**Q** 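My questions will all concern the structure given below.
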Amino acid sequence: MEAMAVPFERAARPAGRRGLRWLKGIGRFAREQPLGLASALIILVILFAGVFAVWVAPYDPLATDFAKLLLPPDATHWAGTDEFGRDIFSRLVYGARTALILGICSSLLGGIAGGLLGVTSAYFGGWVDTVLQRFVDILLSLPVIILALIVAAVLGRHEIYGIDANLMFAVAIPYMPKAARVIRAAALTVRTMPYIDAARAAGFSHPRIVLGHMAPNLAAPWLVLVSAFTAQTILLEAALSYLGVGVTDPTPSWGLMLSGVAVQSFSQAPWTVIFPGLAISLTVFAFSLLGDALRDTLDPKFRH
Amino acid sequence: NATPQRGGNLVFAVSLGEPATFDCHAAGSLNVMYRVAPHYSTLLQIDAAHYPKVVGDLAESWTVSPDGLVYEFKLRPNVKFHDGTKLTSGDVRASFERMRNPPQGVLSVRKELLADVASIETPDAGTVVFRLEKPNVSMLALLAQPYGCIYSEALLKSDPTYPAKKVMGTGPFKFVSYTPGAEWVGERFPDYFRPGLPHLDGFKAISLTPPSAVNALAGGQVMVDFRGVSPLEADRIVSTRGKDVQIFEANPAISTLFMAMINTQKPALRDPRVRKALALALDHWEGSKAMERSTTLSVVGGLARPGSEFARSNAELEKLPGFGRNVDAARAEARRLLAEAGQANLKLTFLNRKPWPFLGVYLIDQFRQIGVTMVQEQVEDSQFFARRRAGEFDLAVEYLPDYLDDPTAKWSIFVSHEKNPANIARYNDPKVDTLMEEQSRIGDPAKRLVVIRQLEEYILTQGYTLPLFWGRRTTVVDSRLQGYVPAPTNYVGQDLSQFWIKR
Amino acid sequence: MVAFCEAMMARVADEPSRAGRHTPDGRHAPFGERCYNGPLLSVQGLHVAFKTARGHTEALTDVSFEVDRNEVVAVVGESGSGKSVTALSIMGLLPDAGHVTGGRINFEGRDLLTLDAKAMREIRGRDIAMIFQDPMTSLNPILTVGYQIAESLRIHKGMSADQARQRAAELLTLVGVPEAESRLDQYPHQFSGGMRQRVMIAIGLACDPKLIIADEPTTALDVTIQAQILELMKDLSVRLGIAMVIITHNLGVVARYADRVVVMYAGRVAEQGSAEAVFFRPRHLYTAGLLCSVPRLDSERRARLEAIEGLPPDLSKAQEGCRFAPRCPQAVAACLREVPALRPTDTGGLSACLRADELADGRVRWVGNAYGAAQPGQNEPAAPARKVLVRVDGLTRHYAVQSSWGGPNRTVKAVSDVSFTIDVGETLGLVGESGCGKSTVGRLLLRLEEPTAGRIEFEGRDVTHAGHGELRALRRRFQVVFQDPYASLNPRKSIGDIIAEPLRVHRITSGAAATRERVDELLAQVSLRPDLHDRFPHQISGGQRQRVGIARALAMEPSFIVCDEAVSALDVSIQGQIVNLLADLQEKHSIAYLFIAHDLAVVRHISTRVMVMYLGRVMEVASRESLYREPLHPYTRLLLEAAPTPDPVKEKQREAALIRGELPSPFAPPSGCPFRTRCPVADAECSLTVPELREVRPGHRVACLKI
Amino acid sequence: MPRYLGAKLLQLVLTLAGVAALIFLLLRVLPGDVVEAKYLAEGGNVSEEVLAAERTRLGLDRPTHEQFAEWMGGLVRLELGRSMWTGRPVAEEISSRLAVTMEVAVMATVIAIVIAVPLGIASALAHGSWLDQAIRVLTVAWLSVPAFWLGMLVLLGLLLVFEWGPPIEHISLFEDPLGNLTQLIWPALVVGARMSAMIARMLRSSLLEVLNEDYIRTARSKGVRESTIVARHALGNALLPAVTVVGMEFAFLLGGLVVTEQVFNLNGIGKLLIQAVGQNDFTLIQGLVMLFAVFFVSVNFATDLLYAALDPRVRLR
Ligand SMILES: Nc1ncnc2c1ncn2[C@@H]1O[C@H](COP(=O)(O)OP(=O)(O)OP(=O)(O)O)[C@@H](O)[C@H]1O
Ligand SMILES: Nc1ncnc2c1ncn2[C@@H]1O[C@H](COP(=O)(O)OP(=O)(O)OP(=O)(O)O)[C@@H](O)[C@H]1O
Ligand SMILES: [Mg+2]
Ligand SMILES: [Mg+2]
């Protein structure tokens with residue numbers, strides 16, 4: 001149904017510059033996907049908070065104040081204080097940074113590695129495909145959390161700029177096979193498209209075809225995938241932190257804020273538990289909705 | 001206090017994980033002791049109510065020769081094993097021999113404690129004689145170690161590893177069943193040698209995660225978790241159970257010290273000025289307030305347990321680096337020392353185990369205030385110990401849990417690294433070694449105390465370690481449960497024979 | 001589960017306008033008028049609009065026509081002209097985005113647009129049945145064929161399961177499915193495409209409907225199967241007295257089967273009338289142009305195809321004047337101003353052309369395309385420079401196909417022992433039914449596939465196993481143009497990039513400016529304006545895309561181009577433009593083509609020699625004249641006869657020459673001659689030996705034992 | 001068919017062998033082992049020789065390839081070895097805990113299906129309406145809540161509001177089904193609700209896709225009632241991909257319960273894994289990972305078979 005509407009209607013329109021096209025695309029997205037727009041805005045706000053945490057957060061997230069332990073929310077501490085007298089709101093703001101850096105980096109890492117694996121697998125086929133697929137099978141036969149848990153536990157901690165690089169790997173590795181699966185399936189379709197044959201017939205090199213011709217056409221499923229991964233990572237990080245293999249205190253992390261002492265102080269200090277939980281839920285919610293909206297916009301046929 | 005009533009089952013939580021073995025000789029872990037202790041007797045024991053007084057368990061009476069080399073114990077008559085056989089001195093000797101010189105395939109993790117024993121003799125079925133090579137002021141306490149379970153000689157003969165798999169002793173309770181991850185069940189041993197004991201019909205130790213143990217206490221599903229809870233958790237339990245629970249506090253501290261050991265092999269930390277600066281950064285007194293609410297570690301003290309015979313008064317303590325009340329001055333001094341040492345921008349890591357993230361939080365916060373940045377690395381146990389031993393850290397957590405306050409065993413980790421690889425600060429300091437040796441040989445407690453104080457002060461001024469906090473034990477006990485004594489260690493009084501349930 | 005669905009649906013069903021039928025007056029037609037004498041179906045002033053992301057699209061504007069009892073009416077028109085929307089509006093099955101915004105659809109006197117959902121359901125399937133284009137997707141894959149046929153019987157006739165089953169078997173037999181009884185329990189995937197379409201027809205016939213609407217019922221099928229299906233439908237409609245609306249864009253089909261023709265253009269009816277009238281005396285310039293641009297088998301081959309230049313209008317924009325005017329070579333000022341109404345013509349039909357009268361008088365007629373009318377025979381290959389460019393020997397390609405569930409791995413012999421040559425500057429046409437291996441031959445030549453056996457020579461050099469470097473050099477010499485104009489251009493690259501990339505990669509031009517210049521030159525060569533440079537493929541039309549594809553191929557200055565169904569997906573009017581372009585380029589650059597197609601007429605138009613394939617083997621190769629005038633192989637003959645020509649008189653007199661049966665499975669091709677199972681002259685001998693390709697006449701080679 | 005099964009099984013075995021190798025190597029990447037965790041954790045002062053002796057006893061001092069060969073050899077004989085922590089056979093450690101996990105997994109799946117199917121159908125049929133939007137947003141929202149947080153809130157809620165907590169001692173399903181239910185229904189609800197959101201979303205999108213298929217139009221053109229169209233024509237086709245999702249989710253659940261078991265203190269294999277990881281009990285971790293992998297591939301295999309049974313297009317020959 002979509003196919004028939006396309007050809008002539010757009011033919012008459014002047015192309016416009018690239019930037020303009022983007023703007024128009026965003027405008028269209030906003031009109032067609034109000035929920036997507038809302039979620040994008042939420043993400044922007046969180047992103048803003050994370051990036052400019054230094055200015056947004058009223059307090060230093062690490063600063064303890066032993067005179068102000070477990071204070072309920074008030075005008076000075078909007079979300080109360082925790083068991084060390086640290087300002088919870090500030091920790092939430094900085095926690096956004098942790099969540100987003102970890103979420104985005106590990107999703108990108110897993111998405112890129114898996115995507116390359118998938119597209120290579122699909123493009124070359126044959127034994128390359130067989131070997132890579134078996135490898136993917138192996139990784140895929142373990143639940144994400146199990147794999148992440150074991151990898152995180154095995155690798156231990158290695159912080160770079162306040163972000164645990166090993167944790168990033170631990171989360172990215174389980175995503176790799178998933179991305180490889182989805183991208184391979186999509187790439188198999190793209191692979192049979194005549195324009196790929198045309199590129200081969202034009203004598204282009206394999207890397208040029210894979211990266212220059214196939215990859216851009218896989219951007220839609222890939223973006224959707226990565227936004228879903230980002231949502232999942234935030235949940236996964238929380239779960240891993242809860243299990244004790246995630247982020248390490250005192251790095252502000254939403255997941256961490258939900259484990260340990262906070263759990264036990266629920267009835268006395270519910271704010272220590274409620275706010276981080278809400279922060280996680282809201283962010284994950286926004287990323288998931290955005291993923292949905294992207295999928296609907298970029299490629300209505302792409303569902304998995 | 002009413003008269004004890006017979007009957008009832010004690011259901012308690014064990015929130016420490018699963019036992020690796022059932023053998024007391026091979027393990028000192030509380031997760032073993034809480035489950036296994038009710039099934040065994042020891043030769044001597046430490047009276048929980050009058051800690052650290054040593055009383056007899058299987059031994060009815062004993063004499064020590066004036067030169068301190070011969071210890072003779074008279075055993076109680078009519079002690080029976082759970083399999084019905086009678087306990088003789090042979091069983092006691094076999095058990096201690098097993099600890100001292102474990103046969104092939106048997107592990108004894110504390111055989112060093114009995115290093116001074118030359119031989120064990122059994123002149124008759126009711127007498128055991130320990131001959132020492134040299135006198136040891138702590139010998140009785142060592143023989144009272146709660147891990148010194150007495151096993152059946154006959155069974156050991158057929159299988160020296162039986163205690164690892166099977167529970168059979170002379171304790172007040174007979175072993176019934178163990179479901180890994182779920183519960184450990186014991187029942188009253190009717191032929192227990194103390195008449196009328198135990199009061200309980202049996203006990204059930206339920207395996208719970210720490211948060212669910214608190215939930216279970218709050219829900220009245222367990223009567224006690226001996227390990228204790230934080231005051232915050234106690235509040236939560238009280239808020240749902242009210243008068244149905246009683247709170248016990250072991251005062252002022254239990255015999256567990258948490259420290260941050262400083263790796264003296266790291267270039268930056270080789271400089272005593274830097275180490276001293278780190279010590280000066282700490283404000284124990286304020287920190288204690290934060291720890292007090294939400295953790296079980298909050299008592300300020302030096303290397304000796306506050307409240308013990310070896311501890312110094314607060315006034316004396318305040319003279320040691322890091323314990324002063326004028327924190328601002330101390331920190332200014334710390335910054336000066338750092339600058340002097342050329343380490344104004346010091347960056348450190350703190351290697352920590354899983355359960356105590358707050359120690360890192362505290363340390364990092366304190367160091368920040370003198371311009372030292374630190375990150376905490378919390379890793380799984382095996383990595384923790386491997387890295388700690390390999391010296392792959394700047395600061396690492398060290399802890400001294402024990403049933404005793406006596407420094408001889410407890411401070412052995414401060415002996416030079418080349419003598420004791422367990423010294424993770426990795427320094428070699430003859431002065432520490434000499435003082436350690438010296439204090440263990442002085443019979444006069446007062447004189448000994450002087451040396452001990454000197455040793456403590458020396459270690460702390462050298463900045464080999466930063467004592468953090470001593471453990472506190474807040475135990476929530478169901479009001480119906482009687483006979484609980486909040487001893488200043490987690491290890492003693494765990495045979496459950498004194499407990500009874502009020503109906 | 002079912003109960004839940006019913007509850008859910010009760011809500012939906014209560015809304016009377018499930019299909020968006022908003023009648024202007026909202027009045028209900030009186031129920032069941034018995035003695036109704038008017039036309040069976042009458043569509044009056046139908047307007048349909050679609051809500052899309054970019055506003056409203058008027059898909060149908062003022063569409064009116066009638067269908068009488070027992071009559072076969074064909075609706076023809078280019079893609080997007082509103083044929084399917086008309087059909088769906090009648091059935092009340094418009095998609096959610098579509099709305100009838102005006103008009104009436106009377107069926108036996110009742111206005112279908114005013115009926116409620118329940119009444120409409122009763123009409124659907126019982127009185128009006130519909131057959132859809134794609135038999136592969138129109139049957140439910142998880143329900144048995146028997147169930148799907150019996151379903152309407154049980155709904156509308158209240159039959160019991162047994163009765164319905166029995167009747168379903170009868171129906172299957174009626175539509176020519178052998179062993180009907182046993183096939184009732186099979187699933188659609190166990191049927192071939194043609195058989196599925198027969199099942200669809202059986203479903204349509206189930207309740208003896210008064211009208212069948214068939215939307216391109218054979219477009220997805222092969223010529224041979226198409227003929228079978230159409231014959232069947234025609235036959236049944238006559239025998240059972242059912243009126244039919246056949247929607248198609250194949251004028252040959254129209255000529256053969258339709259009594260009356262409705263020509264649509266851009267959502268409006270352009271012309272309607274009897275088949276003879278429309279074909280021989282078109283009274284609309286669009287119809288005239290359309291008829292001219294169809295390549296035909298029955299008349300002299302012209303050097304150039306007529307083509308209607310330009311593109312159909314964008315229906316989401318407001319339309320003024322005659323919608324065809326911008327493309328009409330005879331448009332006058334009035335045409336651009338005035339919306340022409342449908343008026344009666346001298347031929348008894350209706351036309352919406354302002355110049356219909358002048359057409360009738362012969363004062364205006366369709367005049368050729370922008371290239372100017374070429375003289376017949378002008379560019380016949382004069383004295384062919386017989387220099388072999390490509391030589392193929394015993395080319396074979398087998399595919400191992402892994403069966404997903406059960407069964408051993410099987411081999412598809414896609415191409416077996418194919419040998420031919422292509423001379424410099426000539427066009428070899430390659431025809432055959434779907435799946436016979438045409439594309440595979442092309443791909444093997446391009447070295448996009450590795451041959452299982454055989455040898456490919458290019459300019460005298462063996463390139464069968466050319467290595468990486470050699471292949472890279474070779475790629476510049478042979479190129480490809482693909483069928484699907486939507487899929488053959490990378491949607492993420494601009495037109496300029498698409499053409500420039502090979503230039504850059506092969507360092508044909510150096511520097512951005514030179515490249516840009518060359519790209520513009522190439523665009524000009526394929527008659528595209530340079531301002532398309534920055535557009536993306538989705539922003540241009542199908543025909544333009546195909547030109548870009550050709551420009552991309554030309555960029556390498558090849559001496560040989562494989563055109564794999566290069567015009568099959570295009571509308572007739574656009575098809576002519578592309579074919580002409582290809583011919584011009586060949587003349588200018590003396591490029592050789594392998595022109596793959598299944599439309600025999602197009603192949604005849606463009607090729608110097610033609611090769612016919614069947615099940616991976618070459619059946620016949622000959623020069624164009626020789627092959628079309630005197631086909632020797634029984635398969636070629638049947639193929640040529642099965643293709644209907646746009647001439648109602650000839651077609652209606654012609655005896656149907658049907659190829660029996662279906663294409664055998666490529667997994668298990670018949671022994672001996674692959675065609676023997678469907679061949680009218682085959683005998684026992686044919687099953688024993690695979691016939692050699694023999695030269696029967698000079699330059700005319702045939703693989704048949706019976707010649 | 002047998003040939004296909006053979007090939008498929010061979011592939012499964014290969015995958016499992018790969019998992020075995022992967023996990024074995026992974027666990028030996030960094031130094032440290034169970035012995036240190038076992039004897040040093042209580043802060044004791046255990047001598048090096050004691051540790052060395054224990055390593056020898058557990059075979060940890062042998063070259064890695066020998067250990068690997070031994071373990072793989074054991075796998076071939078279907079032996080998982082003994083837990084390095086407790087010394088009990090790994091199979092025994094696992095089997096005593098498997099029932100709880102399986103029970104929760106099955107209960108959660110059933111709950112998920114019961115919730116998801118009507119939700120998904122309603123959402124698809126009311127496509128574009130406020131109901132659809134609400135279901136869409138709700139399911140996404142539901143998937144965004146961390147499961148352990150929800151579990152925590154549920155537990156604390158029960159405690160604070162009803163002053164009641166689920167039983168902490170395991171109650172056997174066979175001895176006291178009701179008691180068993182009161183214990184396991186909470187984790188099953190938390191997990192099942194989450195899973196239901198996943199399935200509902202899947203079902204919605206596949207049903208929407210199916211409702212756009214040509215054969216649905218065919219059915220409409222026959223005059224079939226909308227309810228019948230959904231129930232007979234669309235649902236069957238839409239459920240096929242959902243079967244795969246359910247299978248996949250169920251297969252992952254065995255391991256996915258890790259967090260939930262921790263929250264609800266269930267003595268299942270998830271909790272066992274956390275414990276094993278904390279103790280570096282190599283053999284136990286390996287055994288558990290193999291269990292997850294075997295379970296996953298066999299459930300997937302079963303799903304494939306089920307799919308084949310349901311979809312006539314891939315029916316077994
Ligand atoms: N679902 C839809 N949404 C929007 N526009 C539509 C939809 N369906 C059809 N149209 C519009 O209606 C017009 C007529 O479409 P229709 O399908 O009737 O063409 P057609 O003549 O059947 O073409 P074809 O030969 O390609 O089948 C087209 O211009 C198309 O843009
Ligand atoms: N990659 C492949 N793997 C397996 N079989 C294939 C493959 N490509 C083609 N085939 C099979 O080879 C046969 C010939 O295919 P080919 O595409 O050459 O046919 P065609 O004549 O071009 O058909 P069409 O007219 O439909 O394009 C078909 O039966 C097809 O199913
Ligand atoms: Mg159509
Ligand atoms: Mg083809």
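Quick note on labels: first sequence line is chain A, next is B, and so on, each numbered from 1. The structure presented is a predicted model; accordingly, all values stated were derived computationally and were not measured.
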**Q** Assess whether atom CZ of Phe248(B) is packed by more than 12 heavy atoms of other residues, nucleotides or ligands within 6.0 Å.
**A** yes
**Q** Answer whether the closest heavy-atom distance between the side chains of Phe84(A) and Val361(B) falls below 4.5 Å.
**A** yes
**Q** Measure the OG1-CD distance between Thr64(A) and Gln366(B) for me, rounded to the nearest 0.5 Å.
**A** 6.5 Å
**Q** Sort Phe358(B) into side chain, backbone, both or neither according to what part of it lies under 4.5 angstrom from a heavy atom of chain A.
**A** both
**Q** Out of curiosity, Thr248(A) OG1 to Ile364(B) CD1, how far, rounded to the nearest 0.5 Å?
**A** 9.0 Å
**Q** Using a strict cut-off of less than 4.0 Å between a Lys/Arg side-chain nitrogen and an Asp/Glu carboxylate oxygen, indicate whether Arg86(A) and Asp365(B) qualify as a salt bridge.
**A** no
**Q** Which answer fits Leu70(A), side chain, backbone, both or neither, if we ask what part of it has an atom under 4.5 Å from a heavy atom of chain B?
**A** side chain
**Q** When heavy-atom pairs shorter than 4.5 Å are enumerated against chain A, which of Gly360(B), Pro210(B), Ala290(B), Ser382(B) gives the highest number?
**A** Ala290(B)
**Q** Is the closest side-chain heavy-atom distance between Thr295(B) and Glu83(A) below 4.5 Å?
**A** no
**Q** Does any N or O in the side chain of Lys354(B) come within less than 3.5 Å of the main-chain N or O of Gly244(A), such that one atom is a donor and the other an acceptor?
**A** yes
**Q** What residue, out of Glu286(B), Met291(B), Arg368(B), has the most heavy-atom pairs lying under 4.5 Å from chain A?
**A** Arg368(B)
**Q** Hey, mind stepping through Phe66(A) and Trp285(B) against side-chain contact (heavy atoms from CB on, under 4.5 Å) and telling me if it holds?
**A** CA-CA 10 Å; Phe66(A) 300 149; Trp285(B) 306 104; over 6 Å; no
**Q** Can you tell me which portion of Asn166(A) sits under 4.5 Å from chain B's heavy atoms? Options are side chain, backbone, both or neither.
**A** neither
**Q** For Gln378(B), is it the side chain, the backbone, both, or neither that has a heavy atom closer than 4.5 Å to a heavy atom of chain A?
**A** both
**Q** Measure from the side-chain N and O atoms of Gln383(B) to the backbone N and O of Ala153(A), and report whether any donor-acceptor pair falls under 3.5 Å.
**A** yes
**Q** So which residue, Arg387(B), Arg236(B), Glu380(B), Gln369(B), ends up with the most heavy-atom pairs under 4.5 Å with chain A?
**A** Arg236(B)
**Q** Minimum heavy-atom separation for Lys289(B) and Leu69(A), please, with both atom names.
**A** O-CD1, 3.6 Å
**Q** Given a strict heavy-atom distance threshold of 4.5 Å, which part of Leu62(A) is in contact with chain B: side chain, backbone, both, or neither?
**A** both
**Q** For Arg293(B), which atoms come within 4.5 Å of any heavy atom of chain A: side chain, backbone, both, or neither?
**A** side chain
**Q** With a 4.5 angstrom heavy-atom cut-off, could you sort out which part of Ala63(A) is near chain B: side chain, backbone, both or neither?
**A** both
**Q** In terms of heavy-atom contacts, does CG of Asn345(B) have more than 12 from other residues, nucleotides or ligands at under 6.0 Å?
**A** no
